[in-house]
Colleague: 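My questions will all concern the structure given below.
Values reported hereafter were calculated over all heavy atoms of this structure, with side chains retained and with hydrogens, waters and symmetry mates removed. Lettering of chains follows the sequences in order, A, B, ..., and the numbering in each one begins at 1.
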Protein chains: 2
Amino acid sequence: MDPEFVTQIRRLSQLYAYTSIQMHEAVGRKAGLSGTDHKYLGFLLQKGQMTAGEWATLTGLTTGAITGLIDRFEKKKLVKRQFAEDDRRKIIIVPDTKKIMALLEPLYKEYRGKSEKLLASFSAKELKVIESYFLQAVEIMQETTSKLSNE
Amino acid sequence: MDPEFVTQIRRLSQLYAYTSIQMHEAVGRKAGLSGTDHKYLGFLLQKGQMTAGEWATLTGLTTGAITGLIDRFEKKKLVKRQFAEDDRRKIIIVPDTKKIMALLEPLYKEYRGKSEKLLASFSAKELKVIESYFLQAVEIMQETTSKLSNE
DNA sequence: TCATATTATCTTAGTAGCTAAGATATTTAT
DNA sequence: ATAAATATCTTAGCTACTAAGATAATATGA
């Protein structure tokens with residue numbers, strides 16, 4: 001295969017990742033959240049709710065840092081602390097999904113429309129190619145990361 | 001188009017960006033660089049060399065932060081400060097590319113091999129699809145970012 | 001030419017958010 | 001009942017950021 005083309009794809013892939021982070025950071029700033037706060041809020045939304053400790057594990061932050069994270073979100077009334085009924089040491093973080101969505105969706109609206117249009121411009125077969133590339137690339141990167149971290 | 005599939009691609013795309021950043025951060029840590037330092041070093045390598053001010057513009061950092069960034073790299077002897085001949089206010093940052101490569105390449109080696117193999121598993125036509133998706137998606141994200149930032 | 005404005009980088013003071021270590025409160029195990 | 005383990009919070013110290021001003025070099029204009 002043309003090695004220049006491979007280089008081009010690799011460069012593009014890096015640019016893609018970087019641009020995506022920049023966009024998410026810009027959205028976060030606009031919403032009054034720091035870049036990392038916005039990123040970690042995404043984890044919470046996907047999971048629905050979780051304990052402070054689970055959030056710490058997922059983000060790789062210490063529990064102390066999570067306390068601060070929750071404090072910042074709670075001050076903005078985007079999440080609520082709730083004692084777990086089965087174990088009163090545990091704090092369940094409950095996102096106010098409606099409020100968070102109301103805050104973020106307008107900022108993503110245009111992007112969402114454009115990217116849907118972009119995806120619609122590909123055939124089903126082509127989308128499968130893109131999906132397959134993403135899936136495999138993610139796996140390779142995760143392998144690399146975990147090897148580097150456990151050594 | 002199947003809306004669930006679109007959602008799946010969007011989720012994958014976000015995961016891809018996030019995983020990529022995590023990998024680059026892990027590589028950076030292993031090389032003794034903070035996540036952002038590693039990211040910004042990449043800018044410098046791509047450009048070859050630039051002035052402190054250009055680096056500030058490119059990264060979005062203040063000139064004060066760039067001074068600290070250069071200090072950290074200089075202490076590790078990965079870059080050198082050099083007065084510009086035409087304008088002695090300007091400081092040109094010259095990367096020691098050989099040294100930087102020697103530091104980073106071994107950490108990326110395995111990833112590079114695997115991702116080349118992955119790319120080789122696609123046909124030329126399929127690679128064009130992936131390239132086209134990346135190019136257009138990057139543009140959309142850049143538009144979104146700049147709109148959010150200039151408002 | 002010389003005074004002034006502009007430009008490029010650095011310095012300083014203040015701040016945010018991180019880690020590490022230890023405190024507190026609750027649960028589990030003996 | 002006591003000790004150990006667990007979940008979260010608190011505190012001290014650190015790093016890297018911004019904003020504002022200092023310093024030095026260059027450009028401009030009467």
Colleague: Mind calculating the distance between CH2 (B:Trp55) and C1' (D:dC17) to the nearest angstrom?
Modeller: 16 Å
Colleague: Is B:Gly64 touching bases, backbone alone, or none of the nucleic acid, heavy atoms closer than 4.0 Å?
Modeller: base
Colleague: Find the distance A:Lys90:NZ to D:dC9:P and express it as a whole number of Å.
Modeller: 14 Å
Colleague: Just compare C:dG17, D:dC9, D:dA16 and give me whichever is closest to any side-chain atom of B:Arg72.
Modeller: D:dA16
Colleague: Using atom CE of A:Met50 as one end and atom C1' of D:dT8 as the other, report the distance to the nearest whole Å.
Modeller: 16 Å
Colleague: DNA chain D: B:Ile66 or B:Asp86, which has the more 5' nearest nucleotide?
Modeller: B:Ile66
Colleague: Pick the closest DNA chain C nucleotide for B:Ala65 and for A:Thr36 by heavy atoms, then say which residue is nearer the 5' end.
Modeller: B:Ala65
Colleague: Rounded to the nearest angstrom, tell me the gap between atom CG in A:Leu61 and atom P in C:dA16.
Modeller: 18 Å
Colleague: Rounded to the Å, how far apart are A:Leu33 CG and C:dA16 C1'?
Modeller: 15 Å
Colleague: What integer distance in Å separates A:Asp71:CG from D:dC9:C1'?
Modeller: 9 Å
Colleague: Please give, in whole Å, the distance from C:dG17 P to A:His38 NE2?
Modeller: 16 Å
Colleague: Is the closest basic N to carboxylate O distance between A:Lys114 and A:Glu110 below 4.0 Å?
Modeller: yes
Colleague: With heavy atoms under 4.0 Å as the rule, sort B:Ala52 into base, sugar-phosphate or nothing.
Modeller: sugar-phosphate
Colleague: Look at the side chain of A:Thr62 and decide which nucleotide, out of D:dA19, C:dA20, D:dA25, has an atom nearest to it.
Modeller: C:dA20
Colleague: Is any N or O donor-acceptor pair between the side chain of B:Arg89 and the base of C:dT7 shorter than 3.5 Å?
Modeller: yes
Colleague: Confirm from the modelled atom types if B:Thr63 and C:dC10 form a donor-acceptor pair under 3.5 Å, side chain to base only.
Modeller: yes
Colleague: Nearest to the side chain of B:Ile70, which nucleotide is it out of C:dC10, C:dG17, D:dC17?
Modeller: C:dC10
Colleague: Roughly how many Å is it from CD1 in B:Ile92 to P in C:dT7, rounded to a whole number?
Modeller: 19 Å
Colleague: Return the minimal non-hydrogen interatomic distance between A:Leu44 and A:Pro95, and the atom names on each side.
Modeller: CD2-CB, 3.8 Å
Colleague: Does a nitrogen or oxygen in the side chain of B:Arg81 sit under 4.0 Å from OP1 or OP2 of C:dA8?
Modeller: no
Colleague: I'd like to know if B:Lys47 pairs up with B:Glu54 as an ion pair, taking the criterion as any Lys NZ or Arg NE/NH1/NH2 lying under 4.0 Å from an Asp or Glu carboxylate oxygen.
Modeller: no
Colleague: Does a donor on one side chain and an acceptor on the other come within less than 3.5 Å for A:Gln142 and A:Ser146?
Modeller: no
Colleague: Report the C-alpha distance between B:Leu119 and A:Tyr133 in whole Å, list the side-chain angles of each, state the deciding distance to 0.1 Å, and finish with yes or no for side chain to side chain contact (heavy atoms under 4.5 Å, CB included).
Modeller: CA-CA 8 Å; B:Leu119 290 176; A:Tyr133 170 77; 3.8 Å; yes
Colleague: So, is A:Arg88 close to the C:dT27 phosphate, meaning a side-chain N or O under 4.0 Å from OP1 or OP2?
Modeller: no
